[in-house]
Participant: 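Sending over a structure as structure tokens; questions will come in a sec.
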Amino acid sequence: MWWNKTQLLLCHLRGRPVLAQIVLDFLLTICTLGICCGNLYLIVYSAKAGLLDLEALTNFLATACPAITVVQFVAPAPLVYQAVIKPSGSSLPRLCYWAQAACNILGAAYAIQIGNGIVLGTNMFGLFFQIIYLVADHIIRNGNGRWLSFAVQIAAVLNTSLIISSLGSPVYFLGHGITACNIFLSAAPLGSVKMMLSSKKHSLSIGLTLLGLVSNALWTTFALVMTDLVLLFPSVLGFWLSIFQVLLLLWSNSLLPFDISVFLLLCGDTRETVLNEIVGKIDKQKTETSLAPTDCEMAIAG
């Protein structure tokens with residue numbers, strides 16, 4: 001039972017550095033997330049305090065944010081094209097395309113209500129590409145069956161949703177919807193985080209991961225400059241999740257100075273695995289130091 005292993009673990013840890021190492025690894029991971037976000041806030045604070053040119057920073061972000069988002073929308077196109085012309089039997093991530101389309105609709109509706117042309121143009125461009133990707137997924141699933149009618153139908157549904165959202169939805173509703181969609185999209189690549197932490201092998205795209213990190217960093221900075229909470233919440237959450245993806249990449253390649261496998265404890269059904277791993281480390285430490293069993297261990301064993 002895992003509870004007995006937990007008791008044994010606690011006995012082992014009395015006077016031992018293993019628990020301190022686990023806590024230190026967890027704190028270092030959390031501090032890394034905090035420091036990265038703090039650096040973005042420091043840039044904005046310096047600009048607003050006059051240490052940096054606020055107007056130049058705003059103009060740069062107003063150009064860089066939509067530009068990198070456009071790159072994000074276009075980036076999957078080569079993979080989608082290859083999937084269409086060379087079907088491998090596996091379908092595209094349709095759910096992610098629908099979620100991104102919903103996010104683009106809510107973002108465009110929000111931009112219409114506040115009169116932000118940059119955000120509107122970016123989201124309309126993204127919506128166009130999501131329609132293309134959904135049509136490509138339809139072709140793969142149905143073997144070119146009636147893809148044109150599907151494209152017309154889906155375009156009509158999405159554009160009708162945009163009109164309704166821009167005319168009748170309150171800003172706070174749009175903001176919550178955008179936040180929810182962005183959390184899903186940023187967390188989607190971490191769906192196999194349990195497997196990656198257990199095997200120390202990642203299935204993440206390095207290019208797309210870094211692109212998402214830079215994009216979320218720019219949008220978080222832009223939201224701080226504009227004091228726009230609707231943009232800030234999804235951007236900063238996406239930034240945190242992107243940082244964790246980068247930490248996974250570094251850790252899986254043994255390039256991280258601390259261990260993030262402690263986050264397996266957050267996966268509800270993996271605590272026994274984590275305890276086995278930790279107890280294994282302690283047993284190895286005991287073997288190396290030739291420690292005899294303690295009274296506590298003897299009591300539990302008995």
Side-chain angles (χ1 to χ4, degrees), residues 58-84 92-139 147-148 150-167 169 171 174-175 177-186 188-189 205 207-223 225-226 228 230-232 234-235 238-239 242:
T58 304
N59 291 335
F60 167 75
L61 292 172
T63 303
C65 287
I68 196 168
T69 303
V70 166
V71 174
Q72 277 187 293
F73 291 145
V74 177
L79 296 177
V80 173
Y81 176 73
Q82 289 295 324
V84 172
L92 297 172
R94 179 173 52 176
L95 187 58
C96 290
Y97 297 148
W98 277 111
Q100 183 61 67
C103 185
N104 290 139
I105 289 173
L106 295 173
Y110 171 73
I112 290 173
Q113 292 196 20
I114 67 172
N116 191 320
I118 295 175
V119 176
L120 175 61
T122 303
N123 280 283
M124 292 305 295
F125 185 85
L127 186 60
F128 171 74
F129 268 87
Q130 302 320 306
I131 293 174
I132 292 177
Y133 297 152
L134 287 169
V135 171
D137 179 72
H138 175 81
I139 292 174
W147 67 268
L148 184 58
F150 176 80
V152 173
Q153 292 172 15
I154 196 173
V157 169
L158 292 177
N159 281 282
T160 301
S161 301
L162 173 58
I163 294 173
I164 295 173
S165 299
S166 60
L167 294 179
S169 300
V171 172
L174 298 175
I178 293 170
T179 301
C181 290
N182 275 280
I183 291 175
F184 173 80
L185 290 167
S186 298
S205 168
L208 293 178
T209 299
L210 295 178
L211 189 62
L213 175 67
V214 175
S215 176
N216 283 306
L218 290 174
W219 279 108
T220 300
T221 308
F222 186 57
V225 170
M226 303 302 295
D228 190 327
V230 173
L231 289 177
L232 178 61
S235 298
F239 185 54
S242 296

Participant: With no hydrogens and no angle check, do the side chains of N216 and S242 hold a donor and an acceptor under 3.5 Å apart?
Facilitator: yes
Participant: Determine whether a donor-acceptor pair (N or O, by modelled atom type, separation under 3.5 Å) exists between the side chain of S165 and the backbone of A109.
Facilitator: no
Participant: Shortest non-hydrogen contact from C181 to C103?
Facilitator: CB-CB, 3.6 Å
Participant: Can you check whether I118 reaches C65 side chain to side chain, under 4.5 Å on heavy atoms?
Facilitator: no
Participant: Working to the nearest 0.5 Å, report the span between CD of Q130 and CD1 of I105.
Facilitator: 10.0 Å
Participant: Nearest 0.5 angstrom please: L211 CG to I68 CD1, how far?
Facilitator: 5.0 Å
Participant: Where is the tightest heavy-atom contact between G177 and L106, given as atom of each residue plus distance?
Facilitator: C-CD1, 3.4 Å
Participant: Any side-chain heavy-atom pair from L231 and M226 closer than 4.5 angstrom?
Facilitator: no
Participant: Tell me the closest heavy-atom pair linking G107 and V119, and the distance in Å.
Facilitator: O-CG1, 3.9 Å
Participant: Just how far is it from atom CG of L134 to atom CH2 of W147, taken to the nearest 0.5 Å?
Facilitator: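 Spacing of CG (L134) from CH2 (W147) equals 14.0 Å.
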Participant: Do you know the tightest heavy-atom contact between P234 and T179?
Facilitator: CD-OG1, 3.5 Å
Participant: Given side chains that start at C-beta, do those of F128 and N123 come closer than 4.5 Å, heavy atoms only?
Facilitator: no
Participant: Does a side-chain heavy-atom distance below 4.5 Å link W98 with I154?
Facilitator: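 A side-chain contact exists here, since the closest heavy-atom pair is under 4.5 Å.
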Participant: Considering the options F184, Y133, F73, which one meets the ring pair (Phe, Tyr, Trp, His ring centres under 6.0 Å) requirement together with Y97?
Facilitator: Y133
Participant: With rounding to the nearest 0.5 angstrom, report the OG1 to CZ distance, T58 to F222.
Facilitator: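 Answer rounded to 0.5 Å: 7.5 Å.
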Participant: Any donor-acceptor pair under 3.5 Å linking the side chain of Q100 with the backbone of C96?
Facilitator: no
Participant: Taking all heavy atoms of Q72 and all of S215, pick out the closest pair and write down the distance.
Facilitator: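 It is OE1-OG, 2.6 Å.
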Participant: With side chain to side chain contact (heavy atoms under 4.5 Å, CB included) as the test, would you mind laying out the steps for T69 and W219 before giving the verdict?
Facilitator: CA-CA 9 Å; T69 303; W219 279 108; 2.6 Å; yes
Participant: Which distance, rounded to the nearest 0.5 Å, do you find between the CD of Q113 and the CG of L120?
Facilitator: 12.0 Å
Participant: Is there a side-chain contact between L162 and M124 in this structure, where contact means two heavy atoms from C-beta onward sitting under 4.5 Å apart?
Facilitator: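 When only atoms from C-beta onward are counted, M124 and L162 do touch, with a gap below 4.5 Å.
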Participant: Are the side chains of I114 and Y110 in touch, meaning some heavy atoms are under 4.5 Å apart?
Facilitator: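 In contact.
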Participant: Quick one: does I163's side chain get under 4.5 Å of N159's, heavy atoms only?
Facilitator: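 Heavy-atom side-chain distance check fails, nothing below 4.5 Å.
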Participant: To the nearest 0.5 Å, how far apart are CG in N116 and CG in D228?
Facilitator: 8.0 Å
Participant: Please enumerate all residues that pass side chain to side chain donor-acceptor pair (under 3.5 Å) together with S161, with sequence neighbours excluded.
Facilitator: none
